[in-house]
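Here the structure is laid out as structure tokens; the discussion comes afterwards.
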Number of protein chains: 2
Amino acid sequence: MSEKLVKIDRIDRRILELLQKDGGLSNQELAEKVGLSASPCLRRVKALEEAGIILKRVTVLERKKLGLALTVIILIGMDRHTPERFEEFESRVAELSEVQECYLITGQDADYMLKVVIPDMDAYHVFLLNKITRIPGVSGVHSSFVLRRVIDSMELPLAYC
Amino acid sequence: MSEKLVKIDRIDRRILELLQKDGGLSNQELAEKVGLSASPCLRRVKALEEAGIILKRVTVLERKKLGLALTVIILIGMDRHTPERFEEFESRVAELSEVQECYLITGQDADYMLKVVIPDMDAYHVFLLNKITRIPGVSGVHSSFVLRRVIDSMELPLAYC
DNA sequence: ACAAACTTCGCAAACACTTTGCGCAGCGGT
DNA sequence: ACCGCTGCGCAAAGTGTTTGCGAAGTTTGT
């Protein structure tokens, strides 16, 4: 992690746009799409990785094919707002593979927002009772079930660069 | 999209686990990690793609390096629950590059949950006023700001397979 | 229990892509 | 106009991917 500075020009932005959408693009395909030959294109991608702008590649799987039909948004309130409570909660949540996202958030109603992926209601019931409500400090839990996935990605808006 | 059936054995599961974490793994590295030679490993990955279990690869970028310091969870209520309202809302939201996630959810307080990534409060203010509240039918909007990102991934739990 | 049919492996050859060194062109500052 | 810097493309060398094929192990049917 040398973390050098990189000034992102039009071509870099295009590279980031394309790679965000398709991380499986070969360097050659990418080069062609941005109008460069393979070597400068690869050097740019490497530089973006060096700079820490490109973090990693991941593979996205289809949840339904894996029997994970249910996605739940959970809002959780804590009884006391002490660092110990938060640390305990966070390390316990980090152990749970069903939790895809967990954020500490502002707001009077909730302290944490979780996104959980799980096979069905039965499994969710077990998950909630045995995993979430067992964590010390958890006082209020509100579950919202996802009916429709309008947008679900990790793409960042590059328009502000 | 032939979408053939695939029975996921122990090795397939391992492949999916590894690829979820690091989509940039070469087939050779992957093969070594799962204890296979390159050719059967590649054939399995291809089969998982064919079956639609592996959806795509994406590249994850570092938001802070791109000047996107703020993440907001927005809960939105609609005035009338008609299909037209929902369709209009969803197609308008799909146009907004700042919106990373958008789900139609159950619950009395809100109809939609959005996750928005944006540079700062000023930009968010503009975004909310010019983009979100302008969409017909949006009646209640509640913003929660992300203070800490405990978990943020797209990994699915493979323990249920 | 045995054989046919099927599955899945590893090896090796053919092929393709990635990666590096190098020379050249364009640009900004003096 | 010249020097230095940056970034490009070409080409060669190095790696990785991909395919065909025979062997080994497993299941199915008789």
Provide the start and end nucleotides, 5' to 3', of the part of DNA chain C that has atoms under 4.0 Å from heavy atoms of chain A.
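Contact boundaries, 5' end first: C:dC17 to C:dG21.
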Gap between atoms [atom1] and [atom2], on [X] and [N] respectively (whole Å):
X: A:Ile11; N: D:dC8; atom1: CD1; atom2: C1'; value: 10 Å
X: A:Lys46; N: D:dG7; atom1: NZ; atom2: P; value: 17 Å
X: A:Arg10; N: D:dC8; atom1: CZ; atom2: P; value: 14 Å
X: B:Leu42; N: D:dT15; atom1: CG; atom2: P; value: 20 Å
X: B:Arg43; N: D:dC21; atom1: CZ; atom2: P; value: 12 Å
X: A:Asn27; N: D:dG9; atom1: CG; atom2: P; value: 12 Å
X: B:Glu29; N: D:dG16; atom1: CD; atom2: C1'; value: 10 Å

Work out how much the helix from C:dA1-D:dT30 to C:dT30-D:dA1 bends between its end axes, five pairs an end, to the nearest 10 degrees.
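What I find for the helix from C:dA1-D:dT30 to C:dT30-D:dA1 is an axis angle of 40°.
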Taking the nucleotide of DNA chain C with the nearest heavy atom to each, does B:Ser37 or A:Ala38 sit closer to the 5' end?
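Result: B:Ser37.
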Would you please say whether a donor-acceptor pair under 3.5 Å links the side chains of B:Glu90 and B:Tyr112?
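The criterion, which ignores hydrogens and geometry beyond distance, is satisfied for B:Tyr112 and B:Glu90.
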Distance check, rounded to the nearest 0.5 Å: B:Leu19 atom CG versus A:Arg57 atom CZ?
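Rounded to the nearest 0.5 Å, the CG-CZ separation comes out at 13.0 Å.
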Using a strict cut-off of less than 4.0 Å between a Lys/Arg side-chain nitrogen and an Asp/Glu carboxylate oxygen, indicate whether [X] and [Y] qualify as a salt bridge.
X: A:Arg149; Y: B:Glu101; result: no
X: B:Glu88; Y: B:Arg92; result: yes
X: B:Asp152; Y: A:Lys115; result: no
X: B:Arg44; Y: B:Asp12; result: yes

More than 12 heavy atoms from other groups under 6.0 Å of CD on A:Glu32
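Counting other residues, nucleotides and ligands, CD of A:Glu32 stays at 12 neighbours or fewer.
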Should we count NE2 of B:His125 as having more than 12 external heavy atoms under 6.0 Å?
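Atom NE2 in B:His125 is not packed in, count stays at 12 or less.
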Can you say whether the rings of B:His81 and B:Phe86 are parallel (under 30°), tilted (30 to 60°) or perpendicular (over 60°)?
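The rings of B:His81 and B:Phe86 sit tilted, inter-plane angle from 30° to 60°.
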Using a heavy-atom cut-off of under 4.0 Å over every strand shown, decide if B:Ser26 touches base, sugar-phosphate, or nothing.
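The residue B:Ser26 makes sugar-phosphate contact but no base contact.
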What's B:Arg44 touching, base or sugar-phosphate or nothing? Going by heavy atoms closer than 4.0 Å.
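Counting heavy atoms under 4.0 Å across all strands, the contact made by B:Arg44 is with sugar-phosphate only.
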Distance-only donor-acceptor test, A:Ser39 side-chain atoms vs D:dC10 base atoms, 3.5 Å:
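Flag set: donor-acceptor pair detected.
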